[in-house]
Chemist: 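Shown below is the structure under consideration.
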Amino acid sequence: MRDGLEVLEERGFVKQCTDLEALRNRLHTEEVTFYCGFDPTHSSLHAGHLIPLFAMAHLARAGHRAIALVGGGTARIGDPSGKTEMRQMLSVEEIKSNAQSIREQISRFIDFKKGKAILEDNAKWLANLNYIDFLRDIGRHFSVNRMLSYETYKARLETGLTFIEFNYQLLQAYDFLVLFKKYGCRLQIGGDDQWGNIVAGMDLIRRVEGEEAYGLTFPLVTRADGKKMGKTEEGALFLNSNFTTAYEFYQYWRNVPDQDVERFLLLYTFLPVEEIGKLGKLKDKEINFAKEKLAFEITKIVHGEEKANNAREAAKAAFDRSQAEGNRSAIPYVTVSGTALSEGISAIELFTKTPLCSSNSEARRLINQGGAYINEKKITDINERIDSSWLEDDELLLRAGKKRYFRVIVEV
RNA sequence: GGGGAGAUUCCCGAGUGGCCAAAGGGGGCAGACUGUAAAUCUGUUGGCGUUCGCCUUCGUAGGUUCGAAUCCUACUCUCCCCA
């Protein structure tokens, strides 16, 4: 039987482990309860959370019990690990509502309904902690000298670290301990920036309970072109379509650098390793097929099959010349009134109505530089006016540059 | 608590009375080349109208001056050293 760890190893999920062989042995012989934390600092998870989500799913598929821990308590503090500045404080209400929407997103990867996987919120035990008790029971096990030596705090030591943030590690370690006591949770997984926090929890369990626990971290995923993983011009690549539409999401993965395709297929899809191996061997133009596969698969998992199909269709309609008539319905749009259009609207105004251009100057610049198209007709005149005669199927397809599309639909 | 340094346009970072919408780099956007890659080269990069222009911006609030990012005063914040 595959123990889950093998799957993670062959797909490139493993960066560091506290005791690889001991963990392997345990995963092989028994059902292990493991956890991964998610801080509700935004109402949607983003691309960076995909690695932990997939890792949890792989382990759960191998028969282990997953706990997704929403950090409703720790989010009130903010983890300083790897951050250069203190995180903005969120209100308790915000955190609660964020936690709610994040739960739904996690359940796309882990099925909580069957009663096996568990969803927890550390606000339950952190919110009403007694400070004195906490210091006596937990605080005594932590050495400040040792904490200061951690790499994660180094950067912050340069610029300033507040006491509240310095406590984050204790709380996360305490989470691990609580989950161990409550569920027998023996493994914590997380990004490599969590290493210090994870090890701290493992140590705490050993000191307090005299039991073995393990930690496993994932590599920090980077892109071959040096761009930040999961970052778009607008910001983070969110999993919620209110922030990043399925089409935009699809396009992000469709445009990943060549060198990253195989690695990303392993990390961000459930496709069999053998199949990915074949896809990864494709060269030149052929690699585009693998990119489409990657984009489709991950969009399907995050947004569902229907939206993934629409996104793919829309992309084909926009980019594939041989398929002039595709289904563009997934391309984001804005509406404009029919009367306004019959009177004529300047091309500049049309572009600024969409996120394609944020100001008239920008639209003007776009036209001047020859990057503005409406229904694939290049706009060369700054003063070009668009009226109803331009309509095709009651809509206009605006394009900025080579690959940014947006639709304008007439409202009757 | 005492002493010192600093806050510049998306980021880093020049600029110390007019020639500053503000050098340079990064990033972004666009063009060429392509495969909706990468690399490279070119252009562009506060807003509004567009020859000329006008408005907003150099931590915040006042002041000096014909004129300030640049000088003065107060305030806020950050960093460093000492206690």
Side-chain angles (χ1 to χ4, degrees), chain A residues 80 83-89 154-162 165 222-237 245-265 279-296 298-299 311-324 326 328 330-332 346-349 351-374 376 378-384 397-406:
Chain A
K83 303 278 188 320
T84 46
E85 277 171 23
M86 182 157 152
R87 222 184 238 169
Q88 210 191 330
M89 288 281 188
K154 287 267 173 68
R156 293 302 301 273
L157 247 24
E158 305 278 316
T159 57
L161 179 69
T162 61
E165 293 176 285
T222 54
R223 284 170 48 125
D225 57 9
K227 281 183 187 158
K228 274 216 175 146
M229 187 63 209
K231 286 279 186 276
T232 66
E233 300 74 54
E234 284 78 37
L237 188 73
T245 64
Y247 172 77
E248 290 167 317
F249 188 82
Y250 178 93
Q251 281 297 297
Y252 178 84
W253 299 100
R254 174 62 187 79
N255 283 301
V256 131
D258 287 7
Q259 304 94 299
D260 293 330
V261 179
E262 184 167 355
R263 195 162 51 103
F264 286 2
L265 279 164
L279 287 168
K281 285 194 182 62
L282 297 174
K283 288 275 179 286
D284 304 321
K285 277 190 185 179
E286 302 284 298
I287 195 89
N288 283 329
F289 177 72
K291 289 188 192 180
E292 276 168 30
K293 190 82 182 165
L294 169 68
F296 178 74
I298 186 161
T299 307
R312 180 165 59 185
E313 284 299 306
K316 286 214 156 127
F319 293 100
D320 195 340
R321 293 270 153 64
S322 63
Q323 208 169 328
R328 294 168 174 170
I331 298 178
S346 72
I348 290 175
E349 193 183 339
F351 271 92
T352 52
K353 272 182 185 300
T354 72
L356 259 25
C357 293
S358 58
S359 68
N360 288 2
S361 310
E362 200 178 315
R364 211 173 272 126
R365 209 176 293 136
L366 183 72
I367 293 172
N368 279 144
Q369 293 182 135
Y373 293 80
I374 292 179
E376 294 307 321
K378 189 170 184 169
I379 304 300
T380 49
D381 181 2
I382 286 287
N383 300 311
E384 184 77 59
L397 182 66
L398 307 200
R399 182 177 130 212
K402 274 170 285 198
K403 51 185 165 187
R404 292 154 60 218
Y405 284 90
F406 220 86

Chemist: Please examine the side chains of A/Val261 and A/Leu279, heavy atoms only from C-beta on, and report whether any two atoms are closer than 4.5 Å.
Modeler: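 A/Leu279 vs A/Val261: side chains apart.
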Chemist: Could you give the distance separating B/G25 and B/U45 at their C1' atoms, to the nearest angstrom?
Modeler: 14 Å
Chemist: Looking at A/Arg399, I'd like to know whether one of its side-chain N or O atoms comes within less than 4.0 Å of OP1 or OP2 on B/U36.
Modeler: no
Chemist: Separation of A/Tyr373 atom OH from B/U36 atom P, in whole Å?
Modeler: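 So the two atoms are 14 Å apart, to the nearest Å.
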Chemist: How far does CZ of A/Arg364 sit from CG of A/Asn383, to the nearest 0.5 angstrom?
Modeler: 8.5 Å
Chemist: Within this structure, what is the CD1-to-C1' distance between A/Ile287 and B/U36, rounded to whole angstrom?
Modeler: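 For the pair A/Ile287 CD1 and B/U36 C1', the rounded distance is 14 Å.
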Chemist: Expressed as a whole number of angstroms, how long is the span from A/Ile379:CD1 to B/A30:P?
Modeler: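 A/Ile379 atom CD1 is separated from B/A30 atom P by 16 Å.
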Chemist: Quantified in whole Å, what is the P atom distance between nucleotide B/U57 and nucleotide B/C82?
Modeler: 41 Å
Chemist: Identify each atom pair where a protein N or O and an N or O of nucleotides 37-40 of chain B are less than 3.5 Å apart, giving names and distance.
Modeler:
residue, atom, partner, partner atom, Å
B/A37, OP1, A/Lys403, NZ, 2.7
B/A37, O2', A/Lys291, NZ, 3.4
B/A37, N3, A/Asp258, OD2, 3.2

Chemist: When you measure from the side chain of A/Gln369, which nucleotide among B/U36, B/G47, B/G43 comes out closest?
Modeler: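 Among B/U36, B/G47, B/G43, the one nearest the side chain of A/Gln369 is B/G43.
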Chemist: Can you check the distance between B/G46 and B/C10, where both ends of the measurement are the P atom (answer in whole Å)?
Modeler: 10 Å
Chemist: When rounded to the nearest Å, what value does the distance between C1' atoms of B/U9 and B/U44 take?
Modeler: 16 Å
Chemist: B/G1 and B/U73: how far apart are their P atoms, nearest whole angstrom?
Modeler: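 After rounding to an integer number of Å, I get 22 Å for this pair.
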Chemist: Considering every strand shown, what is the Watson-Crick or G-U wobble mate of B/A21 when both distances are under 3.5 Å?
Modeler: none
Chemist: Let's test this: given Watson-Crick or G-U wobble pairing with both distances under 3.5 Å, identify the partner of B/A69.
Modeler: none
Chemist: Counting only Watson-Crick or G-U wobble pairs whose two distances fall under 3.5 Å, which nucleotide matches B/G1?
Modeler: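 Answer to the pairing question: B/C82, which forms a Watson-Crick or G-U pair with B/G1.
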Chemist: Does B/U76 pair with anything, Watson-Crick or G-U wobble, both distances under 3.5 Å, and if so, with which nucleotide?
Modeler: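 Paired with B/U76, as far as the under-3.5 Å criterion goes, is B/A7.
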Chemist: In whole angstroms, how far is the C1' atom of B/U45 from the CD atom of A/Glu362?
Modeler: 9 Å
Chemist: Which heavy atom in A/Ile379 sits nearest to a heavy atom in A/Ala347, and how many Å separate them?
Modeler: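 That would be CG2-CB, 4.2 Å.
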Chemist: In whole angstroms, how far is the P atom of B/U36 from the CD atom of A/Glu292?
Modeler: 10 Å
Chemist: For B/G46, take OP1 and OP2 only and decide whether either is under 4.0 Å from a side-chain N or O of A/Ser359.
Modeler: no
Chemist: Does any part of the side chain of A/Arg254, heavy atoms only, come nearer than 4.5 Å to the side chain of A/Asn288, both counted from C-beta?
Modeler: yes
Chemist: Regarding A/Ala372, tell me which of base, sugar-phosphate or nothing describes its non-hydrogen contacts under 4.0 Å with the strands shown.
Modeler: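 If one applies the 4.0 Å heavy-atom cut-off, A/Ala372 turns out to touch nothing in the nucleic acid.
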Chemist: Rounding to an integer number of angstrom, what distance separates B/G17 and B/C71 when you compare their P atoms?
Modeler: 8 Å
Chemist: Rounded to the Å, how far apart are A/Arg254 CZ and B/G35 P?
Modeler: 12 Å
Chemist: Need the pair for B/A32. Rule: Watson-Crick or G-U wobble, both distances under 3.5 Å, any strand; none if unpaired.
Modeler: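 Pair assignment: B/A32 / B/U40.
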Chemist: Nearest 0.5 Å please: distance from the CD atom of A/Gln251 over to the OG1 atom of A/Thr245.
Modeler: 9.5 Å
Chemist: Within this structure, what is the CD1-to-C1' distance between A/Ile367 and B/G43, rounded to whole angstrom?
Modeler: 17 Å
Chemist: Which sits closer to the 5' end of RNA chain B, A/Gln251 or A/Asn368, going by the nucleotide each is nearest to?
Modeler: A/Gln251
Chemist: With respect to A/Glu384, which candidate in A/Thr380, A/Asp381, A/Ile382 satisfies the side-chain contact (heavy atoms from CB on, under 4.5 Å) definition?
Modeler: A/Asp381
Chemist: Hey, does A/Tyr373 have a side-chain heavy atom less than 4.5 Å from the side chain of A/Leu397?
Modeler: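 Not in contact.
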Chemist: Closest to the A/Arg365 side chain: B/G35, B/G31, B/U45?
Modeler: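 When the side chain of A/Arg365 is considered, B/U45 is the closest of B/G35, B/G31, B/U45.
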Chemist: To the side chain of A/Asn360, which of B/G35, B/U36, B/C48 is closest?
Modeler: B/C48
Chemist: Mind checking if A/Ile382 touches a base, just sugar-phosphate, or nothing, with heavy atoms under 4.0 Å?
Modeler: nothing
Chemist: If you round to the nearest 0.5 Å, how far is CD of A/Glu376 from CG of A/Leu398?
Modeler: 10.5 Å
Chemist: If pairing requires Watson-Crick or G-U wobble contacts with both distances under 3.5 Å, which nucleotide is the partner of B/C48?
Modeler: B/G53
Chemist: Sequence neighbours left out, cut at 3.5 Å: what donor-acceptor pairs do the side chains of residues 289-296 of chain A make with other protein atoms?
Modeler:
residue, atom, partner, partner atom, Å
A/Lys291, NZ, A/Val256, O, 2.9
A/Lys291, NZ, A/Asp258, OD1, 2.8

Chemist: To the nearest Å, how far apart are A/Phe319 CZ and B/U34 P?
Modeler: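 It works out to 18 Å between those atoms.
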Chemist: When you compare B/A83 with B/U78, how far apart are their P atoms, in angstrom units rounded to a whole number?
Modeler: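 Taking atom P in both B/A83 and B/U78, they lie 23 Å apart.
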Chemist: Could you list the protein-to-nucleotides 51-58 of chain B atom pairs, N/O on both sides, closer than 3.5 Å?
Modeler:
none

Chemist: Hey, does the side chain of A/Arg223 reach the backbone of A/Pro257 with a donor-acceptor pair shorter than 3.5 angstrom?
Modeler: no
Chemist: Pick the nucleotide of RNA chain B nearest each of A/Gly371 and A/Arg364; which residue has the one closer to the 5' end?
Modeler: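 Upstream on the strand: A/Gly371.
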Chemist: Could you measure between the two C1' atoms, the one in B/U65 and the one in B/G31, and give it in whole Å?
Modeler: 47 Å
Chemist: Would the distance check show the side chain of A/Tyr405 and the main-chain N or O of A/Ala318 forming a donor-acceptor pair, the cut-off being under 3.5 Å?
Modeler: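 Yes.
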Chemist: Verify, without hydrogens or angle tests, whether A/Arg328 (side chain) and A/Ala330 (backbone) share a donor-acceptor contact under 3.5 angstrom.
Modeler: no
